[in-house]
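Below you'll find the structure, written out as structure tokens, and then a few comments.
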Amino acid sequence: MANKSGLGRGLASLISTGPVEETVVTSAVDELSIDLIEPNAKQPRSDFDEEKLAELTASIKNHGLLQPIVVRPMGDKYQIIAGERRWRACMDADMDKIPVRILTKNDQEAVEIALVENLQRDDLNPIEAAYGYRSLLMTYGMTQAAVAKRLGKSRVSITNTMRLLDLPQEIQEMVFRGQLSAGAARAILSVKDDEGKMRLAQKAADENLSVREIETIARLYTGGALPKSARPVSPKSFRNVARRLRRLLNASVSVRRTRNKNKIEIEFSDEDDLLRIFNIMASK
């Protein structure tokens, strides 16, 4: 998948495989020059909603930053552990200094803090969370039970979320982009072959099928009785173009064939968003 989607980046590569440094010192809320703060290129979130970022920037201009970001010392600067969106908004608001809480943490602790904060704020989608859980398991040898305890989640929740990584990358991106819910994607897992999974995923997204409807169709796929209405898998070129358009327009885009016709569908939230998309397209 493309880097914009965050798959294969983000938390999947967040943790260094080098030795873990032991650190325990913390500090209270402080204020730092915004120029001394750097983002973590491998932090959990890989996608920032521009509209929400603009709203936060406006709020900070009016009221200031009410909750400090969390950073750790890195050489002569500080690296963000949690709060990159707030830091970005402060940059956009032309702030010189920013409230911070400085924690001297090792790599594993930094990952856990970033993951917990994003999960508590519902800022991570299920795919990003799944890669985060897997990273903690693979890099530090933690069990699912240990990860669940440290993050305040149930073990079943950890297991169910990680099952999404058994899906083909194209379906993972559909979940990442909100075209499929995590529940719908898990229902597709019962289909044995990847072609069947892709076909059902596209049908579910196109027709907005419920989880129960997907489960019913999946049983037919598994039994070898494919529904007559099932659409063929879109050509790879369709998926590649849709992915590139999503990056360009920062919007949900699908490129598909239906009833012997090819369609490009672009979603927008309101008139302002439509105008934004038009201006991008008109400038190309």
Side-chain angles (χ1 to χ4, degrees), residues 1-10 12 46-51 125-128 130-131 163-211 213-218 220-222 224-270 273-284:
M1 281 191 186
N3 285 340
K4 173 66 176 175
S5 74
L7 304 186
R9 195 174 74 82
S46 55
D47 212 20
F48 293 88
D49 186 299
E50 293 297 329
E51 184 176 349
N125 65 61
I127 296 298
E128 288 175 315
Y131 274 99
R163 288 179 64 213
L164 297 173
L165 300 184
D166 294 331
L167 291 163
Q169 289 282 302
E170 291 86 354
I171 300 180
Q172 289 185 38
E173 181 159 339
M174 292 175 75
V175 177
F176 183 89
R177 292 296 177 190
Q179 295 170 298
L180 280 178
S181 70
R186 281 193 291 270
I188 292 169
L189 278 167
S190 62
V191 178
K192 294 181 180 179
D193 63 286
D194 285 353
E195 182 180 351
K197 287 185 177 74
M198 278 301 306
R199 187 178 299 174
L200 180 52
Q202 192 63 57
K203 178 179 177 64
D206 290 345
E207 300 180 17
N208 195 26
L209 299 179
S210 68
V211 173
E213 289 171 327
I214 295 170
E215 290 172 342
T216 299
I217 297 174
L220 296 175
Y221 275 61
T222 303
L226 299 181
K228 293 182 180 180
S229 60
R231 292 179 174 84
V233 179
S234 298
K236 186 175 181 180
S237 60
F238 283 24
R239 299 195 294 273
N240 288 339
V241 169
R243 188 179 300 122
R244 294 174 66 181
L245 284 173
R246 282 194 291 269
R247 289 187 215 142
L248 174 65
L249 303 177
N250 192 26
S252 179
V253 179
S254 63
V255 181
R256 59 193 178 90
R257 179 178 293 124
T258 176
R259 294 182 182 179
N260 297 320
K261 293 182 180 180
N262 299 320
K263 291 185 177 181
I264 297 177
E265 295 181 348
I266 304 171
E267 293 185 11
F268 59 92
S269 57
D270 51 31
D273 195 32
L274 175 61
L275 182 59
R276 177 188 67 80
I277 292 172
F278 172 77
N279 288 334
I280 293 174
M281 297 175 70
S283 67
K284 298 300 178 181

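Remember, predicted model here, so these are calculated numbers, not experimental data.
Summarising the geometry, atom OG belonging to S269 is positioned 7.5 Å from atom CD1 belonging to I277; distances are rounded to the nearest 0.5 Å. L200 contributes atom CG, which lies 11.0 Å from atom CD of E213 (distance to the nearest 0.5 angstrom). One finds the CG atom of L180 at 6.5 Å from the CD1 atom of I214 (value rounded to the nearest 0.5 Å). Put simply, CG on L165 and CD1 on I127 are 6.0 Å apart, with the number rounded to the nearest 0.5 Å. Summarising the geometry, atom CG belonging to N240 is positioned 8.5 Å from atom CD belonging to E170; distances are rounded to the nearest 0.5 Å. Distance check: E128 CD to Q172 CD gives 12.0 Å after rounding to the nearest 0.5 Å.
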* To do: Decide side chain to side chain contact (heavy atoms under 4.5 Å, CB included) for L249 and F268; before the verdict, give the C-alpha distance in whole Å, the side-chain angles of both, and the deciding distance to 0.1 Å.
  => CA-CA 10 Å; L249 303 177; F268 59 92; over 6 Å; no
* To do: Verify side chain to side chain contact (heavy atoms under 4.5 Å, CB included) between R199 and E195, making sure each step is shown before the conclusion.
  => CA-CA 6 Å; R199 187 178 299 174; E195 182 180 351; 3.0 Å; yes
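Closest approach of I188 to A201, counting heavy atoms only: CD1-CA, 3.6 Å. Here the shortest heavy-atom pairing between A185 and L164 reads CB-CD2, 3.7 Å. Nearest approach of A187 to S190, heavy atoms of both residues: O-OG, 3.1 Å. The minimum heavy-atom distance between V211 and G183, with the atom names listed, is CG2-C, 3.8 Å.
The backbone N or O of V191 sits less than 3.5 Å from a side-chain atom of K197, completing a donor-acceptor pair.
In summary, R276 and D273 engage in a salt bridge, as defined by a charged side-chain N under 4.0 Å from a carboxylate O.
Side-chain contact between L245 and I266 is absent, with no heavy atoms from C-beta onward closer than 4.5 Å.
When each of R246, R239, Q179 is tested with E173 by the rule side chain to side chain donor-acceptor pair (under 3.5 Å), just one qualifies, namely R246.
Surrounding CD of E267 are at most 12 heavy atoms belonging to other residues, nucleotides or ligands under 6.0 Å away.
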